[in-house]
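I have placed the structure first, in the form of structure tokens, so that the comments after it can refer back to it.
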Amino acid sequence: QIGKNASVYMIGGGDFQNPSAKSHIECRKLLKQDNKFNFEPRESMKYPRHGHSACAVGDRLIAVTGGRIGTGTACEMYNTS
């Protein structure tokens with residue numbers, strides 16, 4: 001996301017050889033606390049993601065499309081709030 005209060009999210013990914021890995025549906029927000037970076041778990045995605053595209057829409061939505069797991073055609077809007 002861009003703007004004054006920009007956030008960084010990590011969506012999906014992980015071990016491609018294991019299509020049922022939990023990491024493929026995870027969403028994590030990058031946080032800086034006491035000069036250290038950590039990931040905060042967020043609500044999971046509906047579809048597994050690996051090799052996908054993501055784009056911020058406004059200040060609270062992320063459009064996520066495609067992937068190499070399943071049909072690769074699923075698209076979803078993820079609400080970050």
Side-chain angles (χ1 to χ4, degrees):
Q1 292 179 326
I2 59 173
K4 183 178 180 182
N5 296 316
S7 299
V8 175
Y9 291 85
M10 187 165 83
I11 308 259
D15 181 7
F16 181 68
Q17 301 299 321
N18 181 3
S20 62
K22 182 181 175 188
S23 63
H24 295 305
I25 60 168
E26 289 179 331
C27 178
R28 296 174 287 290
K29 182 178 181 180
L30 184 65
L31 299 174
K32 184 177 181 183
Q33 299 169 329
D34 302 324
N35 274 345
K36 293 182 182 181
F37 289 95
N38 292 304
F39 281 111
E40 174 185 77
R42 305 297 289 219
E43 186 176 330
S44 293
M45 305 299 293
K46 294 177 185 167
Y47 305 99
R49 303 291 177 182
H50 195 286
H52 53 282
S53 296
C55 180
V57 179
D59 61 350
R60 10 174 276 258
L61 297 174
I62 300 173
V64 186
T65 62
R68 293 180 281 199
I69 299 173
T71 65
T73 61
C75 175
E76 62 187 298
M77 293 295 281
Y78 184 81
N79 190 336
T80 63
S81 54

With rounding to the nearest 0.5 Å, note down the distance linking CD1 in I11 to OG in S44.
10.5 Å
If you group Ile, Leu, Val, Met, Phe, Trp and Tyr by side-chain heavy-atom gaps below 4.5 Å, do I69 and I25 land in one group?
no
Would you please name every residue forming a side-chain contact (heavy atoms from CB on, under 4.5 Å) with S81, sequence neighbours left out?
R60, N79
Between G14 and S23 the two heavy atoms that sit nearest each other are CA-OG, 3.4 Å
The side chain to side chain donor-acceptor pair (under 3.5 Å) partners of N38 (sequence neighbours excluded) come to none
Could you pull out all residues at least two apart from R42 that satisfy salt bridge (Lys or Arg N to Asp or Glu O under 4.0 Å)?
E40
Using the test side chain to side chain donor-acceptor pair (under 3.5 Å), find all partners of E76 that sit at least two apart in sequence or belong to another chain.
R49
Return each pair, listed once, that meets side chain to side chain donor-acceptor pair (under 3.5 Å) where at least one residue sits in residues 27-36; pairs must be two or more places apart or across chains.
E26-R28
Measuring only between side-chain heavy atoms, which start at C-beta, is M10 closer than 4.5 Å to L30?
no
State whether the side chain of Y78 and the backbone N or O of E43 hold a donor-acceptor pair below 3.5 Å, judged by distance alone.
yes
Rounded to the nearest 0.5 Å, how far does CD1 of I62 lie from SG of C27?
5.5 Å
Can you run down the ring-ring contact (aromatic ring centres under 6.0 Å, His included) pairs that involve residues 35-58, sequence neighbours left out, and say none if there aren't any?
F16-H50, H24-H50
